Amino acid sequence: MLRVRQFWLSQTAAEYSSAAVSSEFALWLCQNGASPELICQCLDIAKDEISHATLAYGTAVAAGHSGPLIGNSCSLGSPTPFSEPRKNLLDVMLRFFCLGETVAVPLFAAMKKNARQLPARTAYARIIHDEPRHSEFGWVALAWMHANWPEVEFWINDCFSNSLRQLAREYYCLDEYAPELTQTQLDWGMLPRLDYAIIFEKTVRNQCARRLEPYGVDVETLWTATRASLLTAAAPS
Ligand SMILES: [Fe+2]
Ligand SMILES: [Fe+2]
């Protein structure tokens, strides 16, 4: 059960990280004069992510974990790779909301499909209920930024390819767990790594490509380049 506990603890940390990013994003929206609706939706997302973290931690406890909810997490927050603050805002939104939350929808559905243990199924049910709304928030916020900031048109390709590269490193792993997942681990909601990679690629090339086409982003070409550089980096020298 060690692997199951580690999995749910890392899921807890990921949800805390999402809560931190959403909270910070709401602050940035306030500072940049976004609509009250958009700001409130973002604050609601932050609260959802805390609920997800609580459920994920509860699943780790049900699997035998007995430590505190979370350790030192002062480093949580959004990356700021660009010098222009608004470009960082666009980058975070594309990475965490448009791309991350859109991929999360089919990913968590696949995880729940295998899960047989009640705490895991309960956590996934809540997450699956919330993620389509989180993803939609990203696409609505992108439309708002595009309509209000002329720079978005010039930044969007750069920001999306940066986001794609970052998330692909996390999700597009073609090395399966060794040893492979057992039936017990599948029952507790774990997913083979190759399934992550397949779902990630499919969602990027379909939903994300369709959503970004109106902004002139050629997702297929960016994905081909990202995939090639990942495979080159992973190849034995
Ligand atoms: Fe979440
Ligand atoms: Fe979310």
Side-chain angles (χ1 to χ4, degrees), residues 4-29 34 37-63 65 69-71 73 75-79 89-115 117 119-145 160 163-164 166-168 170-171 188-191 195-196 199-200 203-204 207-208 211:
V4 168
R5 290 197 292 275
Q6 284 170 341
F7 169 77
W8 281 102
L9 286 175
S10 83
Q11 187 59 41
T12 307
E15 299 290 358
Y16 258 90
S17 172
S18 299
V21 168
S22 308
S23 311
E24 195 173 27
F25 198 79
L27 169 67
W28 285 358
L29 286 174
E37 289 82 6
L38 217 50
I39 295 165
C40 289
Q41 283 173 20
C42 194
L43 290 169
D44 285 343
I45 291 173
K47 286 200 280 183
D48 290 338
E49 303 298 2
I50 293 292
S51 298
H52 300 175
T54 308
L55 285 164
Y57 175 73
T59 308
V61 170
H65 174 69
L69 176 56
I70 197 133
S73 46
S75 61
L76 290 180
S78 303
L89 201 63
L90 176 66
D91 185 63
V92 167
M93 196 198 51
L94 286 167
R95 188 181 321 176
F96 289 97
F97 297 103
C98 297
L99 193 50
E101 296 283 10
T102 302
V103 168
V105 174
L107 208 52
F108 281 110
M111 288 159 140
K112 182 168 182 269
K113 204 169 151 207
N114 286 335
Q117 292 288 339
R121 289 187 64 80
T122 305
Y124 285 145
R126 169 67 197 263
I127 293 170
I128 288 167
H129 173 267
D130 294 338
E131 298 304 51
R133 183 165 36 84
H134 298 182
S135 158
E136 204 48 44
F137 165 82
W139 299 112
V140 170
L142 175 60
W144 174 79
M145 279 186 198
F160 183 72
S163 298
L164 188 59
Q166 301 291 333
L167 274 201
E170 236 174 274
Y171 290 115
W188 279 89
M190 292 186 71
L191 191 69
D195 290 13
Y196 280 84
I199 292 169
F200 180 78
T203 310
V204 166
Q207 284 96 315
C208 294
R211 294 281 203 158

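The figures here come from the full heavy-atom set of this structure, side chains too, leaving out hydrogens, waters and symmetry mates. Each ligand, and each atom within it, is numbered from 1 in the order the structure gives. Note that the structure is a prediction, hence the values are computed from the model and not measured. We number each residue from 1, following the sequence as shown.
Side-chain atoms of L167 and V103, non-hydrogen and from C-beta on, never get closer than 4.5 Å to each other. The closest side-chain heavy-atom distance from S135 to F97 is not below 4.5 Å. With a 4.5 Å cut-off on side-chain heavy atoms, W8 and V61 do not count as touching.
In terms of distance to the Fe ion (ligand 2), the nearest N, O or S atom of E131 is named OE1. Closest N/O/S atom of E49 to the Fe ion (ligand 1): OE1. In E101, the N, O or S atom that comes nearest to the Fe ion (ligand 2) is OE2. Shortest distance from the Fe ion (ligand 1) to H52 is reached at ND1 (N/O/S atoms only). Looking at H134 and the Fe ion (ligand 2) together, the shortest N, O or S contact belongs to ND1.
W188 and T59 share no side-chain donor-acceptor pair at under 3.5 Å.
E15 lies close to the Fe ion (ligand 1), since one of its N, O or S atoms is found at a distance under 2.8 Å.
Between F108 and E15 the shortest heavy-atom distance is CZ-OE2, 4.3 Å.
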